[in-house]
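Quick note on labels: first sequence line is chain A, next is B, and so on, each numbered from 1. Just so you know, these numbers use all the heavy atoms, side chains as well, and skip hydrogens, waters and symmetry mates.
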Amino acid sequence: MNRIEQTFIKLNQKREKALVGFITAGDPDIQTSLAIILEMCKAGLDILELGIPFSDPTSDGPVIQRSSLRALNKGANLSTIFELCATVRKHYDVPIVLFSYYNPMFVYGITPFYHEAIQSGADGVLIVDLPPEESGELTQGWPDDKLSIIRLVAPTTPNERMTQIVSAASGFIYLVSKTGVTGSDGLQTSVIEQNVIKLKSLTQLPICVGFGISTVEQVRQVSELADGIVIGSAFERLIETNLDDPNLPKLIGDQTAEFKKATLA
Amino acid sequence: MNRIEQTFIKLNQKREKALVGFITAGDPDIQTSLAIILEMCKAGLDILELGIPFSDPTSDGPVIQRSSLRALNKGANLSTIFELCATVRKHYDVPIVLFSYYNPMFVYGITPFYHEAIQSGADGVLIVDLPPEESGELTQGWPDDKLSIIRLVAPTTPNERMTQIVSAASGFIYLVSKTGVTGSDGLQTSVIEQNVIKLKSLTQLPICVGFGISTVEQVRQVSELADGIVIGSAFERLIETNLDDPNLPKLIGDQTAEFKKATLA
Amino acid sequence: MQSDPENHDPEKQMDSTVFQKQTFPDQQGHFGPYGGRYVGETLMPALIELDLAYQHFSQTRSFQDELKELLHHYVGRPTPLFYAKRLSQFVNGASLFLKREDLAHTGAHKINNTIGQALLAKKMGKTKLIAETGAGQHGVATATVAAFFGMECKIFMGSEDIQRQAPNVKRMQLLGAQVISVDSGTRTLKDAMNEAMRYWVGAVEDTFYVIGSVAGPHPYPVMVRNFQKIIGEETKLQMIEQTGRLPNMLIACVGGGSNAMGLFYPFINDPVELIGVEAAGFGIETGKHAATLGHGTTGVLHGSKSYVLQNQWGQISEAHSISAGLDYPGVGPEHALLKDTKRATYVSIDDHKALEAFRLICLKEGIIPAMESAHAIAYALEAAKDKSYNYHIVVNLSGRGDKDLGILFKGEQSILG
Amino acid sequence: MQSDPENHDPEKQMDSTVFQKQTFPDQQGHFGPYGGRYVGETLMPALIELDLAYQHFSQTRSFQDELKELLHHYVGRPTPLFYAKRLSQFVNGASLFLKREDLAHTGAHKINNTIGQALLAKKMGKTKLIAETGAGQHGVATATVAAFFGMECKIFMGSEDIQRQAPNVKRMQLLGAQVISVDSGTRTLKDAMNEAMRYWVGAVEDTFYVIGSVAGPHPYPVMVRNFQKIIGEETKLQMIEQTGRLPNMLIACVGGGSNAMGLFYPFINDPVELIGVEAAGFGIETGKHAATLGHGTTGVLHGSKSYVLQNQWGQISEAHSISAGLDYPGVGPEHALLKDTKRATYVSIDDHKALEAFRLICLKEGIIPAMESAHAIAYALEAAKDKSYNYHIVVNLSGRGDKDLGILFKGEQSILG
Ligand SMILES: Cc1ncc(COP(=O)(O)O)c(C=O)c1O
Ligand SMILES: Cc1ncc(COP(=O)(O)O)c(C=O)c1O
């Protein structure tokens with residue numbers, strides 16, 4: 001049983017929901033990024049989604065676009081990111097999901113990527129632009145299923161397709177809250193609720209909801225519907241507006257703690 | 001016998017060549033224009049070519065274009081020009097040829113034009129853009145042939161066509177010295193000579209040469225070939241460069257005298 | 001003081017049946033009382049030579065074949081005739097068809113003519129071309145054929161038009177032509193033509209003057225009309241193919257009048273209404289317009305007799321139009337005859353209405369028309385109103401509007417709002 | 001660290017005979033190891049719906065008839081195939097023929113595709129169109145069909161391209177489209193496409209994304225190729241009509257690759273050499289180029305797998321070309337397959353040579369080509385050199401150069417000297 005499963009079991013027992021935190025690896029630089037992550041873990045983050053920056057993040061809104069650019073400009077790459085991952089793993093047992101666009105992985109090499117990921121303590125991957133239809137190349141290149149493959153379900157996903165997706169998924173299901181890129185405004189809880197219900201009828205996997213959740217109040221609302229909440233742009237926005245603040249990691253940590261509180265029943 | 005014929009007979013007897021002076025009527029204004037013309041006559045001008053300014057003088061170079069514009073801007077029109085002509089006639093017996101583009105005449109009315117011209121003492125017309133082919137309308141509208149019709153022959157005119165042109169002409173033949181608009185540079189005396197010889201074999205009419213004759217030396221050269229020399233742009237250039245000089249009419253008169261001297265054998 | 005040809009020209013009494021009995025022009029280039037050759041003697045021999053050469057070569061099989069070939073493979077003819085369904089639905093009246101001269105190489109009908117004249121120039125052994133241009137379309141079309149036939153080329157263009165139609169200036173330069181800025185007079189088409197004629201006087205031996213419309217001295221009006229009449233010939237075939245019959249009405253804008261004559265001529269003896277649309281500029285009542293046929297008087301300009309805009313003393317007036325190609329105080333002599341005989345009707349459309357029509361066809365049909373052509377469309381929209389859908393109107397879309405972007409935008413802001 | 005598909009993709013061993021045995025793409029949009037659908041889940045259902053709709057409607061008679069009709073009467077097809085005699089004489093080698101896509105409505109081949117996609121959008125009940133654009137030609141072509149079909153339209157364009165291709169921005173605006181300036185990344189086509197995809201994610205229910213080349217996720221590469229293959233179909237007929245046989249070589253520029261695929265596809269099983277010309281920008285050796293097939297590596301960009309320009313970490317590189325339409329670090333997946341199988345050859349031409357060819361065709365043939373097309377011409381001039389006149393080369397003149405006047409003139413001075 002890997003760390004992701006263990007985490008959900010534990011949370012379930014505590015009647016808590018998972019706070020999944022997305023951070024672009026290496027933003028604003030590798031050192032600060034590490035410090036931020038450590039603070040988040042300390043503050044009670046349940047799952048870390050470690051974003052591999054990509055030059056052309058077509059599923060992301062402006063906040064994460066800019067964060068990717070900052071990370072790339074500071075030289076972040078898969079090699080430094082695996083190191084970062086390994087360092088986090090030394091300090092915390094938090095499940096780590098590597099979030100990526102397919103190209104950086106593909107170019108690194110599917111099999112080398114797998115080994116490095118495992119080596120550095122990662123627990124899963126979420127490849128935003130790799131639908132099940134195109135996953136064969138990846139799964140064939142991987143020796144076993146020690147890395148969970150988190151899959152996305154969107155509000156536009158029809159029912160049959162949901163079945164297909166969840167059957168190819170492991171770890172948890174990432175339910176996209178709305179049509180739109182990351183960081184978009186507005187939350188339609190009724191749509192989320194309907195989709196969670198549908199998914200629950202199709203899979204045992206936990207359901208985490210993401211895209212556009214940025215306030216404590218929203219976290220509270222979604223906590224009542226799903227097994228976890230993913231926060232990304234909200235953290236990155238905080239980084240962006242406090243780039244020169246030496247206290248930045250602490251700020252993110254505090255924010256994490258606040259969000260985490262809102263996931264308690 | 002009209003004044004043009006008489007003039008050439010007289011000049012012939014004196015072994016002189018005709019100095020034909022072109023002046024845009026009303027340039028720079030009607031009063032000064034009159035003063036200029038009177039000075040020219042006093043200085044020995046043999047024939048006055050009185051230019052009726054036209055807005056679109058396509059056969060004229062920049063100097064005469066600008067002179068036409070000055071005249072028009074000061075309100076010159078056929079009515080004031082006939083008056084000017086009549087005033088000149090009161091003082092001098094010099095033959096007056098009205099030089100025009102066809103449109104101002106046509107719009108004034110062919111027949112009214114004829115009567116006004118005769119009335120104000122004009123002796124001939126030279127209509128630069130009215131070839132013999134299109135002259136029927138004009139000659140049909142004129143009761144008699146008291147107004148000479150001066151015709152142009154160009155270096156491009158083939159022999160047969162020369163015959164046709166001279167047979168429709170009266171007064172004198174205006175031989176265009178070169179291909180080009182008025183005021184163009186350079187004089188090819190050999191071409192002129194050839195054309196004069198050809199014309200002499202076709203007609204008894206005197207031959208006057210014009211276009212681009214601007215120096216005393218050129219007047220002298222052409223005087224050896226033809227019966228008369230037409231000077232236009234050279235006078236207009238002098239007007240243009242001395243617009244503010246109260247002595248302007250006298251300047252033109254002096255220049256006329258110089259040119260006239262050069263026409264003496 | 002205006003000499004009114006009605007008084008002394010018996011031909012002026014002709015009505016439209018005259019076209020069934022007679023073809024125009026006569027040997028000397030007269031269209032009834034209009035046309036002819038009013039130029040300085042230096043040019044007369046060149047015009048006579050041109051007339052003979054045109055009569056000769058245009059009858060030869062090799063000239064005809066070569067021209068046909070070029071029109072097809074180089075110019076892109078036949079241009080489509082397009083039923084403008086959305087525009088027709090919008091007016092909810094007559095059916096509107098567009099003759100797509102905008103799709104011809106270089107973007108307007110002008111090339112039909114320049115390619116014919118350049119081919120003739122080549123046959124005549126001329127090595128240089130000159131032309132006047134207003135909108136720049138004729139200049140581009142001349143520069144194009146000059147490059148094509150390997151001839152030197154000079155284009156005369158008013159300095160105001162150089163401003164208004166900047167892209168076309170650049171196109172001419174890329175095509176290797178020298179663009180000569182004309183600063184005299186109104187600095188528009190009229191003065192460009194004056195200057196081209198002046199230049200021609202000095203260069204007539206080796207230089208062919210490619211006139212851009214059915215204006216100028218004989219044989220230009222007839223020659224240009226004949227090179228442009230392919231527009232009407234194609235339209236006739238296409239209408240019959242698409243609708244099974246002749247159209248009821250043809251509409252074309254009139255600057256010098258070449259696209260209109262080209263469209264009208266093949267229908268001259270057919271029961272089809274012919275409408276020429278002139279530019280009313282700021283409005284006829286302001287005096288700032290280019291409605292030569294509608295509001296001009298008989299006169300002689302640029303070598304032929306026709307209607308002109310002029311004052312009582314025969315001085316040519318300044319024309320006004322938003323569209324450089326219509327901004328001309330003269331008009332081809334054949335139109336004068338069509339007007340007097342009532343065979344064609346001439347109306348006018350002001351800048352404002354032309355802009356509205358421009359906007360409408362952009363938005364309804366996805367076609368950016370030349371501002372010139374927008375005048376024809378504007379009138380078509382009016383004419384279509386009280387008709388039924390089985391009344392068929394063909395509008396000549398004489399050119400595309402790429403050249404007009406400059407006048408439509410002040411900085412980044414569109415004047416269409 | 002580069003994952004080289006040669007090592008684990010047995011299909012990569014295919015040679016060009018594969019096209020005789022198999023058609024591409026497969027059901028999932030794979031061209032051998034390339035193509036596919038690499039997009040966020042939100043878009044997947046839309047792509048599947050699009051694929052089904054495309055498969056369905058494109059087979060119906062009414063769709064085919066309507067498209068054919070529009071291509072003929074609205075777009076102006078067939079475009080001419082023109083034997084460029086002067087250019088051929090100049091190179092004194094092979095005979096050069098130009099396929100005149102510059103004469104299509106809006107001035108480039110792009111409209112063949114947009115009119116097809118817009119018609120499909122209409123059938124699917126979509127009311128809004130979006131598109132990315134580089135040179136602006138695809139943007140204009142999309143704005144045009146949006147106006148034509150009465151749909152709302154948003155065009156995403158990099159802010160650098162907005163500068164480079166200003167006239168096309170104005171044209172789109174006149175056609176009623178909203179031009180959205182994209183300031184992220186390289187501010188060119190790549191980022192315009194990123195932004196269009198992002199917008200689409202949020203608007204996928206009522207919005208049809210009109211992709212402008214044979215790139216993007218399945219079914220775009222096959223759909224766009226099929227809408228563009230009319231270029232090659234016409235060319236085949238025209239060459240046979242004009243020369244009695246197939247050409248020896250086809251040459252087209254390759255940005256995303258749509259004009260090239262459109263020309264090549266109907267010849268895929270014929271004994272005809274296929275040459276794609278990419279932009280070498282400042283020169284391959286400078287690293288500032290857009291020669292994706294020639295010097296890129298396999299990767300995934302904009303929803304499909306193909307060659308891309310990228311660094312060792314899979315970050316997409318900035319492309320460089322004087323020509324905005326070629327300035328793209330990706331390329332359609334079918335070209336990747338054509339390259340690997342050696343069915344087509346890909347070469348590159350730098351800015352300087354493209355400008356020279358641009359200049360030459362202006363002066364020799366009187367045709368102002370798009371800077372994109374000038375790359376194809378430049379290579380054709382080289383390829384023609386050591387051949388005889390009965391070696392026939394067809395060059396796709398994919399568009400006209402009006403849009404490029406801005407980059408060719410600094411102020412009033414032409415950079416062509
Ligand atoms: C597109 C277009 N239409 C019409 C005209 C007007 O000329 P014409 O009346 O000779 O057709 C012009 C002149 O430049 C033009 O460019
Ligand atoms: C005229 C022209 N040719 C070629 C291209 C390149 O695109 P593709 O390779 O898809 O034909 C463009 C793109 O904008 C273009 O405008």
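- For C:Lys353, the NZ atom is loosely surrounded, since the number of other residues' heavy atoms within 6.0 Å does not exceed 12.
- Side-chain atoms of D:Leu408 and C:Leu174, non-hydrogen and from C-beta on, do get closer than 4.5 Å to each other.
- The line from CZ of D:Phe82 to CD of C:Glu69 is 8.5 Å long, rounded to the nearest 0.5 Å.
- For the side-chain hydrogen bond (donor to acceptor under 3.5 Å, both in side chains) with C:Asp402, the qualifying choice from D:Lys170, D:Lys403, D:Arg400 is D:Arg400, the only one to do so.
- For the atom pair OG1 of D:Thr106 and CD1 of C:Ile367, the computed distance is 10.5 Å after rounding to the nearest 0.5 Å.
- For residues 147-157 of chain C, a heavy-atom distance under 4.5 Å to chain D picks out C:Ala147, C:Phe148, C:Phe149, given by residue number.
- Note that CG of C:Leu175 and CG of D:Leu363 are 7.5 Å apart. Values are rounded to the nearest 0.5 Å.
- For D:Val75, the part lying near chain C is the backbone, with the side chain staying farther off; criterion is any non-hydrogen pair under 4.5 Å.
- Residue contact with chain C, scored on non-hydrogen atoms closer than 4.5 Å, involves the backbone of D:Ala104 exclusively.
- Rounding to the nearest 0.5 Å gives a distance of 11.0 Å between CG of C:Leu103 and OG1 of D:Thr79.
- Chosen from C:Arg77, C:Lys364, C:Lys85, the residue pairing most often with chain D at heavy-atom distances under 4.5 Å is C:Lys364.
- Take C:Asn168 and apply the side chain to side chain donor-acceptor pair (under 3.5 Å) test, not counting sequence neighbours, and it matches C:Gln137, C:Arg171.
- Under the 4.5 Å side-chain criterion, counting only non-hydrogen atoms from C-beta, C:Asp102 is in contact with D:His105.
- With a 4.5 Å cut-off on non-hydrogen atoms, D:Tyr83 does not touch chain C at all.
- Residue D:Gln238: no heavy atom, backbone or side chain, is found under 4.5 Å from chain C.
- In this model, no donor atom of one side chain and acceptor atom of the other lie less than 3.5 Å apart for D:Arg100 and C:His73.
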